[in-house]
Trainee: 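Got a structure for you, questions after.
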Amino acid sequence: MKVAVIGASGYVGAELIGLLCQHDNIAIQHLLVSENSASSGKTFADLHGRWRGICDLPLQSFSPSWFETYVSGVQDKDQALDAVFFATPHEFSALWAGAFIDAGIKVFDLSGGFRLKAPADYPLYYGFEHQDTHALSRAQYGLAEWQQRQIAAADLVAVPGCYPTASLLALKPVVAADLQLENSLVVVNGISGVSGAGRTASLASNFNEVSLMPYNILQHRHQPEISQEAGIQVIFNPHLAPYKRGLLATVTLQLKPGVSSGQVAATFDSAYHDQALIRLIGTWPKIDDVAHTPFADIHWQYDEQKQVLVVTCAIDNLLKGAAAQAVQCANIAMGLPVHYGLLPHTLADTSDGYSQLSHAAGING
Ligand SMILES: NC(=O)C1=CN([C@@H]2O[C@H](COP(=O)(O)OP(=O)(O)OC[C@H]3O[C@@H](n4cnc5c(N)ncnc54)[C@H](OP(=O)(O)O)[C@@H]3O)[C@@H](O)[C@H]2O)C=CC1
Ligand SMILES: CC(=O)N[C@@H](CCC(=O)OP(=O)(O)O)C(=O)O
């Protein structure tokens with residue numbers, strides 16, 4: 001797959017490019033930044049020194065004339081891109097993704113530009129009118145472990161948000177098995193490291209200012225995303241914490257009378273026993289265990305008397321919450337195993353990779 005990445009100077013773009021460089025079925029053709037970016041003309045490694053010697057490609061400016069030269073005006077099929085990854089602001093993706101799919105190029109959008117289905121939600125939660133409702137109607141939400149068939153068929157994949165990824169991985173097994181009490185309160189508490197806010201400097205993400213605190217309560221754009229994809233309304237409480245990477249979502253919900261611990265265990269086991277990147281770890285997840293990895297660690301506790309279930313999922317916001325999940329979506333599109341290129345070869349490329357991993361990590365399943 002020949003690809004371009006737009007947003008190569010940002011945190012998510014950098015992680016994505018790092019993963020694409022080690023993927024043997026993907027070749028990076030172009031790395032792009034905004035038209036007037038201070039990074040234009042530098043190399044990727046000038047900006048992100050971790051990848052010096054691994055990816056030294058130059059950063060180009062994205063513009064309508066770049067699009068004409070490398071996308072709409074390309075005659076030779078061998079020169080044409082197969083896919084583009086947007087690691088850009090939501091509004092930019094919303095504006096440009098449609099032009100790529102019209103040119104026959106698959107889009108993996110890591111922004112929120114196509115995650116919500118209703119156009120009316122964009123002014124409300126994102127602060128802009130969606131200008132491309134046609135492309136929006138073609139977009140497919142891409143929670144990799146749950147929507148493989150739909151991702152495989154899609155031209156435009158909306159890669160889930162970081163908080164929604166952790167929240168939905170915790171919630172979906174319960175909702176799919178219809179264990180939750182109807183019309184009861186579902187509360188999601190999320191905590192994210194500061195890289196969640198992106199690379200651009202702001203007072204709120206300044207080292208001296210950051211202290212564990214809730215933010216955007218009852219108005220965060222991930223609330224409608226989680227509710228839409230879980231199929232139930234949730235209350236979402238995001239918190240910013242003073243560390244760099246990693247995100248944790250703890251979901252609390254009431255189950256139906258009579259649901260047993262055995263049923264809950266069977267539900268999670270059947271949802272994830274064959275998913276290489278989901279670890280049911282048998283103890284409460286820690287950010288440090290998932291930071292810099294593509295894994296999601298999940299644990300739950302259930303009070304049968306009160307029928308209260310608490311599920312926690314921890315991920316790296318930049319990897320499973322963005323770049324690694326985008327690679328999973330690309331793998332699905334190429335017909336490869338969903339975790340291809342994301343794990344050491346000995347584990348990833350064998351059909352029993354998960355059981356080897358689980359065994360290595362001392363997981364009971
Ligand atoms: N950070 C996270 O944890 C997560 C972020 N995301 C989403 O991924 C996207 C990128 O996030 P993140 O990497 O954190 O953000 P950053 O601010 O770190 O990076 C944004 C990138 O977009 C580029 N960009 C900005 N405007 C334009 C434009 N008009 N045209 C082309 N490129 C542009 C920037 O380039 P330059 O400024 O050099 O021009 C930069 O490379 C966002 O939509 C975010 O919501 C998704 C999941 C998790
Ligand atoms: C800590 C922090 O600021 N986190 C960001 C979420 C991360 C992100 O960029 O959002 P997407 O996953 O929707 O792309 C926020 O709350 O807006």
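Each ligand, and each atom within it, is numbered from 1 in the order the structure gives.
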Trainee: So if I count the atoms of ligand 2 from 1 in the order they appear, which ones are less than 4.0 Å from some heavy atom of Leu240?
Mentor: 1 (C)

Trainee: Taking only heavy atoms of the protein into account, state which residues are under 4.0 angstrom from an atom of ligand 1, in chain and number order.
Mentor: Ile6, Gly7, Ala8, Ser9, Gly10, Tyr11, Val12, Val33, Ser34, Ser37, Ser39, Ala87, Thr88, Pro89, His90, Phe92, Leu110, Ser111, Arg115, Cys162, Ser195, Gly196, Gly198, Arg199, Thr200, Asn317, Leu318, Gly321, Ala322

Trainee: Flag His222 as yes when one of its N or O atoms lies below 3.5 Å from any N or O atom of ligand 2, and as no otherwise.
Mentor: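 Such a contact does occur with ligand 2.
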
Trainee: Check Tyr163 against Tyr215 and note the closest heavy-atom contact, atom names and distance.
Mentor: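 Result for this residue pair: OH-OH, 2.8 Å.
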
Trainee: Hey, which atoms in ligand 2 end up nearer than 4.0 Å to a heavy atom of Ala197?
Mentor: 1 (C), 2 (C), 3 (O)

Trainee: Taking side-chain hydrogen bond (donor to acceptor under 3.5 Å, both in side chains) as the definition, give me every residue that meets it alongside Ser111, ordered by chain and number, with sequence neighbours left out.
Mentor: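 Residues passing side-chain hydrogen bond (donor to acceptor under 3.5 Å, both in side chains) with Ser111: Ser93, Asp109.
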
Trainee: Please list, one pair per line, the donor and acceptor atoms closer than 3.5 Å that link side chains of residues 206-214 to other protein atoms, with sequence neighbours excluded.
Mentor:
from	atom 1	to	atom 2	distance (Å)
Asn206	OD1	Asn208	N	2.7

Trainee: Can you name the nearest heavy-atom pair linking Val107 to Phe100, along with the distance?
Mentor: CG2-CB, 3.7 Å

Trainee: Looking at Lys320 and Ile278, what are the two nearest heavy atoms and their distance?
Mentor: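 In terms of heavy atoms, the two residues are closest at CE-CD1, 4.4 Å.
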
Trainee: So Tyr122 and Phe128, would you call those rings parallel, tilted or perpendicular, with 30° and 60° as cut-offs?
Mentor: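 Tilted, since the angle between the ring planes falls between 30° and 60°.
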
Trainee: Indicate yes or no for a side-chain donor-acceptor contact from Ser61 to the backbone of Glu35 under 3.5 Å, with no hydrogens or angles considered.
Mentor: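 Looks like yes, one N/O pair under 3.5 Å.
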
Trainee: Could you tell me whether ligand 2 has any atom less than 4.0 Å away from a heavy atom of Ser205?
Mentor: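 Ser205: no contact with ligand 2 (<4.0 Å).
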
Trainee: Can you tell which part of Val194 has a heavy atom less than 4.0 Å from ligand 2: side chain, backbone, both or neither?
Mentor: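 Neither part.
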
Trainee: Among all protein heavy atoms, pick the one closest to atom 2 (C) of ligand 2 and tell me residue, atom and distance.
Mentor: Tyr215 OH, 3.3 Å

Trainee: For ligand 2, which atoms sit closer than 4.0 Å to a heavy atom of Gly161?
Mentor: 12 (O)

Trainee: Please state which part of Arg115 comes within less than 4.0 Å of ligand 2, counting heavy atoms only: side chain, backbone, both or neither.
Mentor: side chain

Trainee: What residue and atom, counting heavy atoms only, is the protein's closest point to atom 12 (O) of ligand 2, and at what distance?
Mentor: Cys162 N, 2.9 Å

Trainee: For the side chain of Asn317 and the backbone of Cys162, is there at least one donor-acceptor N/O pair under 3.5 Å apart?
Mentor: no

Trainee: Kindly confirm or rule out an N or O of Tyr163 lying under 3.5 angstrom from an N or O of ligand 2.
Mentor: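 No, since none of the N or O atoms of Tyr163 sits under 3.5 Å from an N or O of ligand 2.
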
Trainee: Just jot down the side-chain hydrogen bond (donor to acceptor under 3.5 Å, both in side chains) partners of Ser184, sequence neighbours excluded, or say none.
Mentor: none

Trainee: Atom CE in Met1, atom CG in Leu336: separation rounded to 0.5 Å?
Mentor: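 Here the interatomic distance stands at 9.0 Å.
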
Trainee: Walk me through whether Tyr125 and Gln219 qualify under side chain to side chain donor-acceptor pair (under 3.5 Å).
Mentor: CA-CA 8 Å; Tyr125 291 104; Gln219 55 191 7; over 6 Å; no

Trainee: Which heavy atom of Asp121 sits nearest a heavy atom of Leu116, and at what distance?
Mentor: CB-CD1, 3.8 Å

Trainee: Give a yes/no verdict on whether any heavy atom in Ser111 is under 4.0 Å from an atom of ligand 2.
Mentor: no

Trainee: Of Leu169, Thr312, Ile281, which meets side-chain contact (heavy atoms from CB on, under 4.5 Å) against Ile298?
Mentor: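 Only one option passes, and that is Leu169.
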
Trainee: Got the closest protein heavy atom to atom 17 (O) of ligand 2, with its distance?
Mentor: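 Nearest neighbour among protein heavy atoms for atom 17 (O) of ligand 2, to 0.1 Å: Arg221 NH1, 3.0 Å.
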
Trainee: What is the nearest protein non-hydrogen atom to atom 9 (O) of ligand 2, stated with its residue, atom name and distance?
Mentor: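 Checked against all protein heavy atoms, atom 9 (O) of ligand 2 sits closest to Gly196 O, 3.2 Å.
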
Trainee: Please confirm whether His220 approaches ligand 2 to less than 4.0 Å, judged on its heavy atoms.
Mentor: yes

Trainee: Find all atoms of ligand 2 within a distance of less than 4.0 Å from any non-hydrogen atom belonging to Gly193, and give their numbers and elements.
Mentor: 1 (C)

